[in-house]
**Q** 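If you scroll down you'll find the structure; I have some questions about it.
Residue numbers start from 1 in every chain, and the chains themselves are labelled A, B, ... in the order their sequence lines are given, proteins ahead of strands.
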Protein chains: 2
Amino acid sequence: MNESSPRQGSSAASKRKDARRNQQTLLDAAAAVFVTSGVDAPVREIAAEAGVGLGTFYRHFPTRADLVIAVYRHQVDNCAEAGPALLAAGPTPFAALERWVDLFVDFLVTKHGLAAAMQADSTGFEALHAHFLDRLVPVCSQLLDAAAAAGEIRPDLDAYHFMRGIGNLCIGTDSDPRYDARRLIALLLAGLRQPHRT
Amino acid sequence: MNESSPRQGSSAASKRKDARRNQQTLLDAAAAVFVTSGVDAPVREIAAEAGVGLGTFYRHFPTRADLVIAVYRHQVDNCAEAGPALLAAGPTPFAALERWVDLFVDFLVTKHGLAAAMQADSTGFEALHAHFLDRLVPVCSQLLDAAAAAGEIRPDLDAYHFMRGIGNLCIGTDSDPRYDARRLIALLLAGLRQPHRT
DNA sequence: TACGATACGGAACGCAGTTCCGTTTTACAA
DNA sequence: TTGTAAAACGGAACTGCGTTCCGTATCGTA
């Protein structure tokens, strides 16, 4: 149900050589543009950077969001894979959870505006949102369950809410240097340690 | 430095009768449209609802965001005024803080997409963001300080971060009925009660 | 080498916010 | 009451965005 099947439509071996090359060129160009101009960079800018036309862009990525997914797919997967590893390594499940959250936040904050783009409603990033959640919620769930089982945190918060909360708190880190999302996320984690509300 | 001086350019008595009437018509129309279509409703839709042209719209509100501010100004002010009242009434400062947060969240969540629109970067809502913060941060600060002075919460979180956090957590409440922002906000409040991190 | 399938480029479309300007309405003075 | 300048009006038009469409170029094979 994941990367093991090579039926990815926009990443596996398509057909013609130039097509494959252009797809990769677009991915590279997008990665570069996202660094300088943020994930909201216009499609035209990405296509120009890649030196291809708009038609080419949209044949490879039916929608702007599909490109964003493709660009960040690896990193989402890395984040997902880090979960179990941290759990195995860390002194306690909660410590692993903290480290994982840190990784997750790094990811969101490093890419300019990614967190904001993840809001399902706005510009059509539902697909990104969905992939994110599909891949990461189970991992996060595992970490939360382990910490709850160890009695380190209250057990009444599902991974979906937890991740949405963190994702939301990361919004706007670029636009305002005063804002420190990690501080609030730390508070959220502190709140998790509180005993069940009477 | 606030509503006492009648120099508000877009709310006080301007000059001509039709101008004043149209301004009010636009405010009413906007309030109505925001309820049905959210704060992201196109300017054209609002102008049409009001039965005026686009020129009229932009003479009264130089920018889309200025209209949004004008529409919600009263409610922001109400929220600001509620702070001291709750502090005086509540059994403890923390209880007042909880109630005030509830009010604030109501406000953000009731208006479709307001929380999302408040992100400074996106569509030009810096002005709304600014008014919000100017008006509410001092109030929130007062509540936090009182609770901290009473030893009910840790004293190391400034009102700006607290409000940004709450605002961010409220993002996306319309787009996904599963998501319950209040739950996460409660967690944030619980985190506030934790003693200072060693 | 020829030719059909595949991919390409970019003009064009729809939909935002905003600007501009010719026309209408208002308020006031004669 | 009527003339007139200032103020306000309406909406066509401009910019910038994502996306679609289609004539043209390229690829791979017979």
Side-chain angles (χ1 to χ4, degrees), chain A residues 9-10 12-27 29-30 33-34 37-71 113 116-117 119 121-128, chain B residues 9-27 29-30 33-34 37-71 113 116-117 119-128:
Chain A
S10 62
S14 308
K15 282 268 161 74
R16 252 170 62 172
K17 187 175 46 177
D18 55 347
R20 252 196 322 281
R21 179 168 41 75
N22 271 327
Q23 171 142 332
Q24 190 55 49
T25 305
L26 274 167
L27 284 170
V33 168
F34 287 167
S37 306
V39 267
D40 290 328
V43 169
R44 282 167 177 79
E45 184 178 346
I46 297 163
E49 170 80 19
V52 305
L54 285 167
T56 302
F57 180 99
Y58 278 98
R59 205 163 322 92
H60 287 297
F61 305 100
T63 220
R64 219 187 144 288
D66 292 306
L67 171 73
V68 182
I69 289 187
V71 169
Q119 290 175 69
D121 53 326
S122 56
T123 330
F125 282 87
E126 302 82 15
L128 213 201
Chain B
S10 62
S11 60
S14 307
K15 283 265 163 74
R16 257 169 60 170
K17 187 175 44 178
D18 54 347
R20 251 195 323 280
R21 180 170 37 78
N22 272 327
Q23 171 144 329
Q24 190 55 51
T25 306
L26 274 166
L27 284 170
V33 169
F34 286 169
S37 307
V39 266
D40 290 329
V43 169
R44 281 166 178 79
E45 185 178 344
I46 297 162
E49 170 80 20
V52 305
L54 286 167
T56 303
F57 181 99
Y58 279 98
R59 204 162 324 91
H60 286 296
F61 305 98
T63 221
R64 217 188 146 286
D66 292 307
L67 171 72
V68 182
I69 289 188
V71 168
Q119 291 175 67
D121 53 326
S122 57
T123 329
F125 280 86
E126 301 82 14
L128 213 202

**Q** Among all residues two or more places apart in sequence or in another chain, which pass the side-chain contact (heavy atoms from CB on, under 4.5 Å) test with A/Glu45?
**A** A/Val33, A/Ser37, A/Ala41, A/Pro42
**Q** Can you name the nearest heavy-atom pair linking A/Val71 to A/Ala30, along with the distance?
**A**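 Looking at all heavy atoms of both residues, the shortest contact is CG2-CB, 3.8 Å.
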**Q** Does a side-chain N or O from A/Thr63 land closer than 4.0 Å to OP1 or OP2 of D/dT19, or not?
**A** yes
**Q** Once you round it to whole Å, what is the distance between P of D/dA12 and CZ of B/Phe57?
**A** 18 Å
**Q** Under 4.0 Å: is that the gap between some side-chain N or O of B/Asn22 and OP1 or OP2 of D/dA8?
**A**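 False: B/Asn22 side-chain N/O out of range (4.0 Å or more) of D/dA8 OP1/OP2.
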**Q** Without decimals, in angstroms, what is the distance between A/Phe61 CZ and D/dT19 P?
**A**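 Atom CZ in A/Phe61 sits about 13 Å away from atom P in D/dT19.
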**Q** Is any side-chain nitrogen or oxygen of B/Thr56 closer than 4.0 Å to OP1 or OP2 of D/dG10?
**A**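 The answer is yes; a side-chain N or O of B/Thr56 sits under 4.0 Å from OP1 or OP2.
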**Q** Take the protein atom CG of B/Leu67 and the nucleotide atom P of C/dT18, then report the distance between them rounded to whole Å.
**A**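 Rounding to the nearest Å, CG of B/Leu67 and P of C/dT18 are 11 Å apart.
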**Q** Would the base of C/dG17 count as contacting B/Arg44 through its side chain, where contact means a donor and an acceptor less than 3.5 Å apart?
**A** yes
**Q** Specify the separation, in whole Å, of atom CG of B/Asp66 and atom P of C/dT19.
**A** 11 Å
**Q** How many whole angstroms separate atom CG of A/Asp40 from atom C1' of D/dG16?
**A**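 In whole Å, D/dG16 C1' and A/Asp40 CG are 14 Å from each other.
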**Q** For nucleotides 20-30 of chain D, just jot down a letter per nucleotide in 5' to 3' order: B, S or -, based on protein non-hydrogen atoms under 4.0 Å.
**A** BB----BSS--
**Q** Taking all heavy atoms of A/Tyr58 and all of A/Arg64, pick out the closest pair and write down the distance.
**A** CE2-N, 4.4 Å
**Q** Do B/Val43 and B/Leu67 have side-chain heavy atoms sitting under 4.5 Å apart?
**A**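 No - every pair of side-chain heavy atoms lies 4.5 Å or more apart.
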**Q** Taking atom P of C/dC15 as reference, at what distance in whole Å does atom CZ of B/Arg64 sit?
**A** 17 Å
**Q** Please report the shortest heavy-atom distance between B/Phe34 and B/Val68, naming the atom on each side.
**A**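 Shortest heavy-atom separation between B/Phe34 and B/Val68 comes out as CZ-CG2, 3.9 Å.
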**Q** Mind calculating the distance between CD1 (B/Ile46) and P (C/dT18) to the nearest angstrom?
**A**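 Nearest whole value for this atom pair: 11 Å.
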**Q** How would you list, by chain and number, every residue that makes a side-chain contact (heavy atoms from CB on, under 4.5 Å) with B/Ala50, sequence neighbours excluded?
**A** B/Thr25, B/Leu26, B/Ala29, B/Val52
**Q** Respond yes when some side-chain nitrogen or oxygen of A/His60 is under 4.0 Å from OP1 or OP2 of C/dA7, and no when none is.
**A**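 The answer is no; no side-chain N or O of A/His60 sits under 4.0 Å from OP1 or OP2.
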**Q** Over all heavy atoms of both residues, which pair between B/Asn22 and B/His60 is shortest? Give the atoms and the distance, please.
**A** CB-NE2, 4.0 Å
